[in-house]
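For reference, positions follow the sequence shown, starting with 1.
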Amino acid sequence: MNRSKPETKTIYWSLLQHGEWNLHLAVHEGGLCFIGSQNAPLEELEQWLSSRYPQWELERSDNMLQPYANALIPYLSGGSAPFDFKLHLQGTPFQESVWQALCDIPYGQTRSYSEIAVSIGKPKAVRAVGSAIGANPLLIIVPCHRVIGKNGALSGYRGGIDMKTKLLELEQRAT
């Protein structure tokens with residue numbers, strides 16, 4: 001009997017370091033799939049990987065992630081560079097509709113959680129919108145930092161309020 005070992009799939013990662021920014025990036029054959037929180041340890045990426053891709057291996061590849069890092073650096077330097085590379089977002093249909101709504105928020109602008117809920121046709125799903133935003137694996141690219149409380153307060157962000165504040169200030173300076 002010939003039993004072949006199952007093919008191991010790999011997610012490649014690197015650490016983008018630019019100025020005060022230190023972000024883990026990850027990619028697989030489907031595209032960029034993860035951007036971590038500012039200054040977060042590698043464990044953040046490892047936990048994300050084990051919860052979503054438990055059979056996959058993590059391997060460092062600075063060369064493979066360099067094009068993504070190169071695209072993010074102008075943004076982190078205060079520019080509004082478009083991100084035109086392949087992304088891999090895997091979520092429920094509801095999460096994906098929320099993430100698409102986030103991508104529709106113009107650079108330098110903000111929306112409230114309730115505005116996002118209305119934009120996807122689920123005006124009573126504000127808490128569910130918040131949960132979907134919290135599950136966003138691609139910080140910065142899927143701009144969940146542009147979502148604020150109805151009263152204008154900064155609230156909830158996987159990368160922390162400090163990172164959210166810095167991203168919003170960076171975009172405000174550039175507009």
Side-chain angles (χ1 to χ4, degrees), residues 6-92 95-96 98-100 102-103 105-108 110 130-148 154-175:
E7 183 181 336
T8 302
K9 295 199 174 196
T10 305
I11 291 183
Y12 300 95
W13 72 275
S14 184
L15 177 64
L16 166 60
Q17 296 178 293
H18 177 72
E20 65 182 284
W21 296 97
N22 295 292
L23 305 166
H24 286 99
L25 310 177
V27 67
H28 61 63
E29 72 270 0
L32 187 69
C33 57
F34 181 84
I35 297 178
S37 305
Q38 183 179 14
N39 297 322
L42 183 59
E43 287 78 26
E44 179 191 36
L45 173 56
E46 292 169 335
Q47 288 172 357
W48 172 84
L49 177 72
S50 68
S51 70
R52 287 171 183 80
Y53 298 93
Q55 304 301 319
W56 291 43
E57 292 183 359
L58 198 54
E59 181 180 317
R60 184 165 190 162
S61 177
D62 296 334
N63 288 338
M64 190 173 284
L65 275 293
Q66 195 60 53
Y68 301 96
N70 289 345
L72 282 162
I73 287 171
Y75 173 87
L76 296 173
S77 299
S80 63
F83 302 116
D84 59 356
F85 39 78
K86 192 173 177 183
L87 304 177
H88 182 80
L89 282 165
Q90 182 178 352
T92 66
Q95 288 173 327
E96 291 177 7
V98 170
W99 298 338
Q100 181 57 56
L102 300 179
C103 291
I105 303 171
Y107 181 91
T110 58
S131 293
I133 290 172
N136 171 20
L138 286 170
L139 299 182
I140 301 170
I141 304 291
V142 177
C144 53
H145 61 277
R146 295 180 189 155
V147 181
I148 60 174
L154 300 185
S155 60
Y157 186 65
R158 178 170 58 88
I161 297 299
D162 186 52
M163 181 179 177
K164 185 173 192 166
T165 301
K166 287 179 182 174
L167 291 171
L168 290 171
E169 288 174 352
L170 182 145
E171 290 186 6
Q172 287 303 310
R173 283 194 306 266
T175 55

Please report the C-alpha distance between Ile105 and Val147 in whole Å, then the side-chain angles of each, then the deciding distance to 0.1 Å, and finally whether the side chain to side chain contact (heavy atoms under 4.5 Å, CB included) criterion is met.
CA-CA 9 Å; Ile105 303 171; Val147 181; 4.0 Å; yes
Given His145, which partner from the list Lys164, Arg158, Glu171, Lys166 fulfils the side chain to side chain donor-acceptor pair (under 3.5 Å) test?
Glu171
Pairing donors with acceptors under 3.5 angstrom, does anything connect the side chains of Gln66 and Asp62?
no
Are Leu15 and Arg60 close enough that some pair of their side-chain heavy atoms sits under 4.5 Å apart?
yes
Ignoring hydrogens and angles, tell me if any N or O in the side chain of Glu96 forms a donor-acceptor pair with the backbone of Gln90 under 3.5 Å.
no
Taking the inter-plane angle between the rings of Phe34 and Trp48 on a 0 to 90° scale, is it parallel (under 30°), tilted (30 to 60°) or perpendicular (over 60°)?
tilted
Could you tell me how the ring of His24 sits relative to the ring of Trp13: parallel (under 30°), tilted (30 to 60°) or perpendicular (over 60°)?
tilted
Got a second to check how far His18's NE2 is from Tyr75's OH, nearest 0.5 Å?
12.5 Å
To the nearest 0.5 Å, what is the distance between OH (Tyr68) and CG (Leu25)?
10.0 Å
With under 30° as parallel and over 60° as perpendicular, where do the rings of His28 and Tyr53 fit, or are they tilted in between?
perpendicular
Are the side chains of Cys103 and Phe83 in touch, meaning some heavy atoms are under 4.5 Å apart?
no
So which atom in Ile133 and which in Cys144 form the shortest heavy-atom distance, rounded to 0.1 Å?
CG2-CB, 3.4 Å
Quick one: pull up CG in Leu16 and CG in Leu65 and give me the separation to the nearest 0.5 Å.
9.5 Å
Could you check if a side-chain atom of Leu72 sits within less than 4.5 angstrom of a side-chain atom of Ile141, using non-hydrogen atoms only?
yes
When rounded to the nearest 0.5 angstrom, what is the spacing between CE in Met163 and CG in Leu23?
5.0 Å
Quick one: pull up CD in Glu57 and CD1 in Ile11 and give me the separation to the nearest 0.5 Å.
11.0 Å
Is a donor on one side and an acceptor on the other found under 3.5 Å between the side chain of Tyr157 and the backbone of Asp162?
no
So OG of Ser37 and CD1 of Ile140: to nearest 0.5 Å the spacing works out to 9.5 Å
